[in-house]
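Chain A is the first sequence line, chain B the second, and so forth, proteins listed ahead of strands; every chain is numbered from 1.
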There are 2 protein chains.
Amino acid sequence: MSRPAASLADVAEAAGISRTTLHKQYATREDLVRAVGVWATDMWEQAVARVAGQPGTKEGLRQLFAVIVESAPHLGFLWRNPAFDEDEELTQRYIAVELRCLAILERARTAGLIAASTPNWWMLQTMYGLAYTAWESVEAGKLAPLDAPDLVLSTLLNGLGGPAAADAGAG
Amino acid sequence: MSRPAASLADVAEAAGISRTTLHKQYATREDLVRAVGVWATDMWEQAVARVAGQPGTKEGLRQLFAVIVESAPHLGFLWRNPAFDEDEELTQRYIAVELRCLAILERARTAGLIAASTPNWWMLQTMYGLAYTAWESVEAGKLAPLDAPDLVLSTLLNGLGGPAAADAGAG
DNA sequence: GCTAGCCTGAACACTCATGTTCACAACCAT
DNA sequence: ATGGTTGTGAACATGAGTGTTCAGGCTAGC
C-alpha cells in the first residue's frame, strides 16, 4: 500500500499468495487499487466514527488528532491516488467523514479554543498537515506515538511561539 | 515534473522536442530524473540563499516562509523521489540548505520567538508541513499567494488558538 | 553552393508488467 | 472414495515504455 509502483508479483508475494490467486480476486490492477482505497476509506470512517461525538474541548480535539494521526497512512494512500478523485462513491464518503471532523473543529471554534476568524479550510488543512507530519515523525522514530496527539494539539492551538511571540501580526 | 508516471514521449512532447532529441540529452530516464532533481535542488539552494542572512525576527521568519512556500513544488519533487535518498551529492546539498533554514529558526528560538523547548526536528517538520500545506491551498485557489507567508508565520508561532486556548497543556 | 551540426520521424529490438488460460495438487464435505 | 472448491505453478499473448539506430531535412557559417 505504501509503494504505488510495486508490481502485482510483488504484491502477491507480500500477501503470501500466488499471482494467479491475486488475479482471481482482483481481475485488474485497477480493481485491486480501488479495493484498497475502499478499505482505507473504511478504516478512516471507522476511526472518525469513534470520536465523532467529541465536544469542542481540548480533550475532544486531542481525541480527534489521535485518530487522524493513526489514520495518516490510509489518508496518504487516498491522497496520492489521483484515480480516487474521479471515484464518485469514495469522494462522497471521504467528504462525509471530513465533515464530521470539521464539526468538532467548529465546536472548538465556537467554544473559543480556535480563533473565530479561522476559515474552515485552513482548520482542516493545518490539522491534516500537522497530523500527517507528526505521523511521519513517529515513523522516523523521532516522536513517541503516544506523544503525537498532544504535540499536534499544542502546536495547532498555540503554535511553537515562545514568550516573545505574543502577537504575530496576522489573523 | 509534477507527474512522475509520465512517459518519455509525453515529456518530450511537453518540452516541444522529439523523443530522439530527448534521448540525446538524457540517455536514460534515470539521467533525466536526476537532472530535474539537480535543477530542483539548485532552485531551492538559490531561494534559501536569498534569505539565509535573515535574523531571528518575525520579519526574518516571514521571509524564510515565503521562500519555502515558493519552493514547495521543488521540495515536493525531491521528497517524492526515493531515488534521491541514495544520491550522495543531492542529499548532502539538501542537508546543507536545510541547515541554513534551521539556523534562522534557531535564531528565532534564541530570541524567544519560538519556545525554547521545541526540538530542531519539530521546528523543521512543522515549517515544511505548514508551508507545503499553504502552497497547496494557493494552488487550490483558496489562499492568495501574498497571504501565504503571513498565514504560515502566524499559524506556526501562535497556532489557531482563540481566547480560550491560552494553554494547551503540552510543551 | 557546400559542409557541419542539430533535430526529426520512423523503425526496430528488448524488457517488463499485465492479463489469460490450463493442468495439477490440496482440501473439505458428502 | 468422490465431487466441488480453492490455490498453485507454468506457459503464453499482449501492450507499453524504453533505448538504439539510421536516413533524411533544416539551418548556420564558411
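Closest to the side chain of B:Ser18, out of C:dT18, C:dG9, D:dT8, is C:dG9. The side chain of B:His23 approaches D:dT20 more closely than any other nucleotide in the set C:dT18, D:dT20, D:dT8.
Going from atom CD of B:Glu13 over to atom P of C:dG9 covers 10 Å, rounded to whole Å. The interatomic distance linking A:Tyr26 (OH) with D:dG7 (P) rounds to 12 Å, in whole Å. Put simply, CZ on B:Arg29 is 18 Å from C1' on D:dT20, counting in whole angstrom units. Separating the CD1 atom of B:Ile17 from the P atom of C:dC6 is a distance of 14 Å, rounded to the nearest angstrom. Rounded to an integer number of Å, the gap from B:Leu8 CG to C:dT15 P is 18 Å. For the pair B:Gln25 CD and C:dC6 P, the computed distance is 11 Å after rounding to whole Å. A straight line from CG of A:Leu22 to C1' of D:dG9 spans 15 Å, rounded to a whole angstrom.
Below 30°, between 30° and 60°, or above 60°: for B:Phe77 and B:Phe84 the angle between ring planes is between 30° and 60°, a tilted geometry.
Look at A:Thr21 and you won't find any side-chain N or O under 4.0 angstrom from OP1 or OP2 of D:dG7.
Side-chain atoms of B:Ile68 and B:Leu75, non-hydrogen and from C-beta on, do get closer than 4.5 Å to each other. The closest side-chain heavy-atom distance from B:His74 to B:Trp39 is below 4.5 Å.
Residues A:Ile95 and A:Trp79 share a single hydrophobic cluster, defined by chaining ILVMFWY side chains whose heavy atoms lie under 4.5 Å apart.
In the interface, the side chain of A:Thr20 is paired with the base of D:dG9 through a donor and an acceptor atom under 3.5 Å apart. Interface remark: the A:Arg19 side chain does form a donor-acceptor pair with the C:dG19 base, using a distance-only criterion of under 3.5 Å.
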